[in-house]
Amino acid sequence: QRQNRRQSWDWEHHVQYAIGHALSEYYHLRPEVRNEIPLQYMLEKWWPKRPDGFESVTHYWEMKSQITAGIYKVGTSNQDLGVPVLLYEQFRTPIPDLAIELSVIIQAMWQQADQGQPMLVQKYLVSYHEAVVEAYRHLVTVFCHYAFGQLPSSIEVFCLLENRRLTFFTHRQSLNQAMDYVALLRDSLKDVQRNSRECQCASCVSRRMSYLNRVESAGEGPGRLLS
């Protein structure tokens, strides 16, 4: 079972790396150049050359086929968006109301001129993980409010393996919910840090690692809380 978990982490890690580099390179191109280069070509360039970490050679090719279909959906969905204003950039901003600092990687942010310049924030995942998506939308909502002085008009999460796009529209109530979520995350992190100095039994260590992994997926994902 431990080996299966390790294999899952390995292949997802390699695929997330390929997706990130493919999208970053593609969206750094001018729109007229992007029109001449399929996004799938960029994925092919960065895709792992060997099936190391995958469950089998068959699994390697199945994942490549499904992720290629998913990244094609990203390209078609974004074809009218122009140039992103932020692309795979990391920021840190204080959240004084919660007495924390938030570190966030924005994978892509767009301003939609036809809608009065509201912000659209996007995240690209290998596969759907409910906890990661939930953390992402709340952390990014809080981050944008404090860093940019406004909420994003919408947050989109692309889950490439499922060829799925999730869209969350933000409003004032979204910010209140997000603040409550981040406050709970902050308090949970304090508990984890306190327990790490106390109990070192297998059960407690496993529980701490599960929590930290969820927040860390949020590291390439939503972000980190820095007290």
Side-chain angles (χ1 to χ4, degrees), residues 1-81 83-84 87-90 105-110 120-137 140 155-168 206 209-210 212-222:
Q1 185 177 6
R2 179 178 298 177
Q3 183 178 3
N4 288 339
R5 286 199 301 268
R6 176 67 180 178
Q7 284 182 328
S8 174
W9 183 88
D10 278 347
W11 77 260
E12 286 205 49
H13 174 78
H14 294 319
V15 172
Q16 186 71 63
Y17 179 89
I19 291 169
H21 279 279
L23 289 168
S24 178
E25 184 172 352
Y26 185 74
Y27 286 117
H28 271 105
L29 299 174
R30 299 189 307 275
E32 59 270 23
V33 178
R34 296 204 307 259
N35 290 336
E36 304 299 323
I37 302 176
L39 180 49
Q40 301 93 300
Y41 169 81
M42 290 297 188
L43 180 64
E44 178 70 28
K45 176 181 176 180
W46 289 98
W47 188 261
K49 305 306 179 188
R50 297 169 54 86
D52 298 343
F54 289 82
E55 296 171 10
S56 64
V57 173
T58 300
H59 180 246
Y60 169 87
W61 289 109
E62 287 176 346
M63 293 303 97
K64 185 176 182 180
S65 176
Q66 293 180 45
I67 293 297
T68 298
I71 210 166
Y72 175 78
K73 184 181 183 72
V74 174
T76 55
S77 298
N78 291 348
Q79 61 185 356
D80 296 326
L81 289 180
V83 178
L87 191 61
Y88 285 90
E89 295 189 34
Q90 184 168 10
I105 295 175
I106 298 293
Q107 291 183 327
M109 177 183 288
W110 315 77
L120 164 63
V121 180
Q122 291 182 337
K123 177 170 178 59
Y124 315 107
L125 291 174
V126 174
S127 59
Y128 174 76
H129 296 283
E130 182 179 4
V132 173
V133 172
E134 185 77 358
Y136 174 74
R137 70 186 186 96
V140 168
I155 299 169
E156 293 182 345
V157 180
F158 287 87
C159 307
L160 275 65
L161 198 57
E162 294 85 1
N163 200 3
R164 181 181 181 188
R165 177 176 65 175
L166 306 171
T167 303
F168 305 95
S206 176
M209 291 305 298
S210 175
L212 290 172
N213 285 339
R214 179 167 57 114
V215 175
E216 193 61 26
S217 293
E220 177 63 53

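Hydrogens, waters and symmetry mates play no part in the numbers below; they use all other heavy atoms, side chains included.
The two residues E162 and V126 have their closest heavy-atom pair at OE1-O, 4.2 Å. Across every non-hydrogen atom of L166 and C159, the tightest pair is CD1-SG, 4.4 Å. The two atoms that bring T68 and Q40 nearest to each other are CG2-CG, 3.7 Å, heavy atoms only. The nearest pair of heavy atoms linking E55 to H59 is N-ND1, 3.2 Å. What you find for Y124 and Q107 is that their closest heavy atoms are N-OE1, 2.6 Å. Of all the heavy atoms in L23 and V74, the pair that sits closest is CD2-CG1, 4.0 Å.
A donor-acceptor pair under 3.5 Å links the side-chain atoms of Y26 to the main chain of R34, judged by distance alone. At least one donor-acceptor pair under 3.5 Å links the side chain of T76 to the backbone N or O of K73. Between the side chain of R165 and the backbone N or O of F158 there is no donor-acceptor pair closer than 3.5 Å.
For the residue pair Y128 and E130, no side-chain donor N or O sits within less than 3.5 Å of a side-chain acceptor on the partner. Inspection of the N78 and Q122 side chains reveals an N or O donor paired with an N or O acceptor under 3.5 Å.
In this structure, the separation between NE2 on H21 and OH on Y88 is 9.0 Å, given to the nearest 0.5 Å. In this structure, Q79 CD and L39 CG are separated by 11.5 Å, a value rounded to the nearest 0.5 Å. In this structure, L87 CG and E89 CD are separated by 7.5 Å, a value rounded to the nearest 0.5 Å. Interatomic distance, E25 CD to K45 NZ, rounded to the nearest 0.5 Å: 3.5 Å. Taking OG1 of T167 as the reference point, atom CZ of R137 lies at 12.0 Å (rounded to 0.5 Å). If you take CH2 on W61 and OG on S56, they are separated by 12.5 Å, rounding to the nearest 0.5 Å.
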>> With side-chain contact (heavy atoms from CB on, under 4.5 Å) as the criterion, how do I19 and I67 come out once you've worked through the C-alpha distance, each side chain's angles and the decisive distance to 0.1 Å?
In response: CA-CA 9 Å; I19 291 169; I67 293 297; 4.1 Å; yes
>> side-chain contact (heavy atoms from CB on, under 4.5 Å) for F168 and V121? Distances and angles first, verdict last.
In response: CA-CA 10 Å; F168 305 95; V121 180; over 6 Å; no
> When you look at H14 and W11, which way does the side-chain contact (heavy atoms from CB on, under 4.5 Å) test go after all the steps?
Replying inline: CA-CA 5 Å; H14 294 319; W11 77 260; 5.5 Å; no
>> Applying side-chain contact (heavy atoms from CB on, under 4.5 Å) to L125 and L160, what does each step give before you reach the verdict?
In response: CA-CA 6 Å; L125 291 174; L160 275 65; over 6 Å; no
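Taking the side chain as every heavy atom from C-beta outward, Y60 and R50 never approach each other to under 4.5 Å. For the pair M109 and L120, the minimum side-chain heavy-atom distance is 4.5 Å or more. Looking at L29 and M42, their side chains come closer than 4.5 Å, going by heavy atoms from C-beta outward. Considering only heavy atoms from C-beta on, W47 comes within 4.5 Å of V15 through its side chain.
Separation of the H13 and Y17 ring centroids does not fall under the 6.0 Å cut-off.
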